[in-house]
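Letters A, B, ... are given to chains in the order of the sequence lines, protein chains preceding strands, and every chain is numbered from 1.
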2 protein chains.
Amino acid sequence: MRKKRRGCDVPEATIHRLPLYLEKLKLLQAIGVEDVSSRQLAESLDIKASQLRHDFHYFGGFSRPGRPYQVEKLVPALEQIIGIDEPVPTIIVGAGHLGQALANYQNLGLQGFPLHGIFDVNPRLIGLEIRGQAIRDLADMPDIVKRDHILMGIITVPAANAQQVADRMVEAGIVGIFNFAPTDLKVPEGVVVRNERMAVGIMALSFKVKCILESRLSESPADEVGAPGKTTAEGEGDD
Amino acid sequence: MRKKRRGCDVPEATIHRLPLYLEKLKLLQAIGVEDVSSRQLAESLDIKASQLRHDFHYFGGFSRPGRPYQVEKLVPALEQIIGIDEPVPTIIVGAGHLGQALANYQNLGLQGFPLHGIFDVNPRLIGLEIRGQAIRDLADMPDIVKRDHILMGIITVPAANAQQVADRMVEAGIVGIFNFAPTDLKVPEGVVVRNERMAVGIMALSFKVKCILESRLSESPADEVGAPGKTTAEGEGDD
DNA sequence: TAGATTGTTAATCGATTAACAATC
DNA sequence: TAGATTGTTAATCGATTAACAATC
């Protein structure tokens, strides 16, 4: 099982780099840069130029051999590939602290995902306004999803309710679910779920912190507490 | 460059699975399961048993050949490996909507990362209480970090201020930074940053949604809008 | 032209999976 | 014992990197 490649035959790792390319290119665009070579762009993202060209090669035809990429052409090309050349209306289910935080995060809209509704079942929350949008009863969600042809939903309810919400979203016609609840969701084929597990992130970080502390101890056993070494080398980022 | 392996010589992919193993094991523990085989545990996580054993093999000695894993032993072993056998005190800098949402997310504390302070520079926020903790002036952060030997910091400030906050955290002695600001941080060697880029997540999702829609069109060109296919197969999860 | 660049294929590297001896 | 299990190494698979012809 799990043989057939999902989604357009592009590896997962490449998909995750597309938004980073787009972001950097938009930054260049904003400061008026017209041309950029694979080497320049790759360097600014701390990856190899050949990897960038290899990634682009899945889609092909961004430039011609010999000529660098034109920022003005690459930005819309990537937007189209990612699927945000047209705004992608999005809803949030779960108007607790996290849901409200996301609803307030205007960047989502600017990035191409305008909020078309935030829903909850809690009567105390329903009616409350966030950035000019009233929190609505979850019961109204399906109608709005169908009316506005909404494909994207964000789940920010407690883990115990997440599956039920996902079922209702799928039933209404949503195809992509961004799940912040710390639980796995079962969805039918033809629906994509992306889990945003905060606990995984902070634990992975914790593991690395532990490793750093251990290596510090072994390198300089008589280290002073409170004097953090004042090293000044290059950073150590993650995805 | 970038040759020497980071963090205890364990591949990134394995590190990210450790929290998932732990989570599932805690669930088993809660319902009173005593023994679990690699096959059972792997199946519930939708991975191969050999991968799980391979992962465990980096640390070694969780069981003996022929005997399944004992949940009661594996849980603390993994907690120790991840570095959360002792609570890891954590601070949040940035008490906006997201910062407040994280501060309210009690799971963080339950997972081993008790909140030892939430800070901001906005005088309107300073003093406001969240779960019994007052938002403090960012200026007080270094003292508290040093006093409580805090190693972990979460950044939820706007992108423009994130680097400055990171610098101050590092200066104070923080070693692991969980960065929610959509910008790259430069930190000295011996400090780990993990970027939580929401935009990347939702755009990767968008790409896949676009792929699904395209494949739907090519498979059934005369598809009705509003009739979402009613497929009922197995889900299609991501990490 | 010479130097720089892309698109594209081949080589390398690392991660996943399979296989199996040792053990219960 | 027979069947099931782990730890561990080898085989496979996929992703990254290098190389280079074609082009400007």
Atom CG of B:L52 to atom C1' of C:dA15: distance rounded to whole Å? 15 Å
Whole-Å distance separating the NZ atom of B:K48 from the C1' atom of D:dT6: 18 Å
Ignoring hydrogens and geometry, is there a side-chain-to-backbone donor-acceptor pair from A:T90 to A:V88 under 3.5 Å? yes
In whole angstrom, what separates B:F59's CZ from D:dG7's C1'? 15 Å
How long is the line joining CG of B:L45 and C1' of C:dT16, in whole Å? 16 Å
Can you list the residues that meet the ring-ring contact (aromatic ring centres under 6.0 Å, His included) rule with A:F62, with sequence neighbours excluded? A:F56
To the nearest Å, give me how far apart CD (B:Q51) and P (D:dA10) are. 20 Å
Can you pull every protein N or O that's under 3.5 Å from an N or O on nucleotides 19-24 of chain D?
| residue | atom | partner | partner atom | Å |
| --- | --- | --- | --- | --- |
| D:dA19 | N6 | A:R53 | NH2 | 3.2 |

On DNA chain D, check which nucleotide each of A:R17 and B:S38 is closest to and give me the residue with the more 5' one. B:S38
One thing to verify: whether B:K26 and B:E79 come together as a salt bridge, which I'm taking to mean a side-chain N less than 4.0 angstrom from a carboxylate O. yes
Taken to the nearest whole Å, CZ/A:R39 to C1'/C:dG3 is 12 Å
What is the distance from OH of B:Y58 to P of D:dT8, rounded to the nearest Å? 13 Å
N or O in side chain of B:S63 less than 4.0 angstrom from D:dT6 OP1/OP2: no
Once salt bridge (charged side-chain N to carboxylate O under 4.0 Å, His left out) is applied, what residue pairs with a partner in residues 57-75 of chain B remain, sequence neighbours excluded? none
Taking atom types as modelled, is there a side-chain donor on A:Q51 or A:D55 under 3.5 Å from an acceptor on the other? no
Can you run through DNA chain D from 5' to 3' and write each base as (, ), [, ], | or . depending on how it pairs? Watson-Crick or G-U wobble, both distances under 3.5 Å. ..||||||||||||||||||||||
Apply the test salt bridge (charged side-chain N to carboxylate O under 4.0 Å, His left out) to residues A:E214 and A:R216: give CA-CA distance (whole Å), side-chain angles for both, the deciding distance (0.1 Å), then the verdict. CA-CA 5 Å; A:E214 280 167 8; A:R216 274 193 196 171; over 6 Å; no
So, does B:Y69 get its side chain near the phosphate of D:dG7, meaning an N or O under 4.0 Å from OP1 or OP2? yes
Taking only residues two or more places apart in sequence or in another chain, which ones pass side-chain hydrogen bond (donor to acceptor under 3.5 Å, both in side chains) with B:R168? none
Side-chain donor/acceptor of A:T183 to backbone N/O of A:A160, under 3.5 Å: no
Counting side-chain heavy atoms from CB outward, which of C:dT5, D:dA18, C:dT16 is closest to B:H54? C:dT16
Using the test ring-ring contact (aromatic ring centres under 6.0 Å, His included), find all partners of A:H116 that sit at least two apart in sequence or belong to another chain. none
Do the side-chain N or O atoms of B:H57 get closer than 4.0 angstrom to the phosphate oxygens (OP1, OP2) of D:dT8? yes
Spacing of B:E12 atom CD relative to C:dA15 atom P, expressed in whole Å: 9 Å
Under 4.0 angstrom, heavy atoms only, what part of the nucleic acid is A:F56 near: base, sugar-phosphate, or nothing? nothing
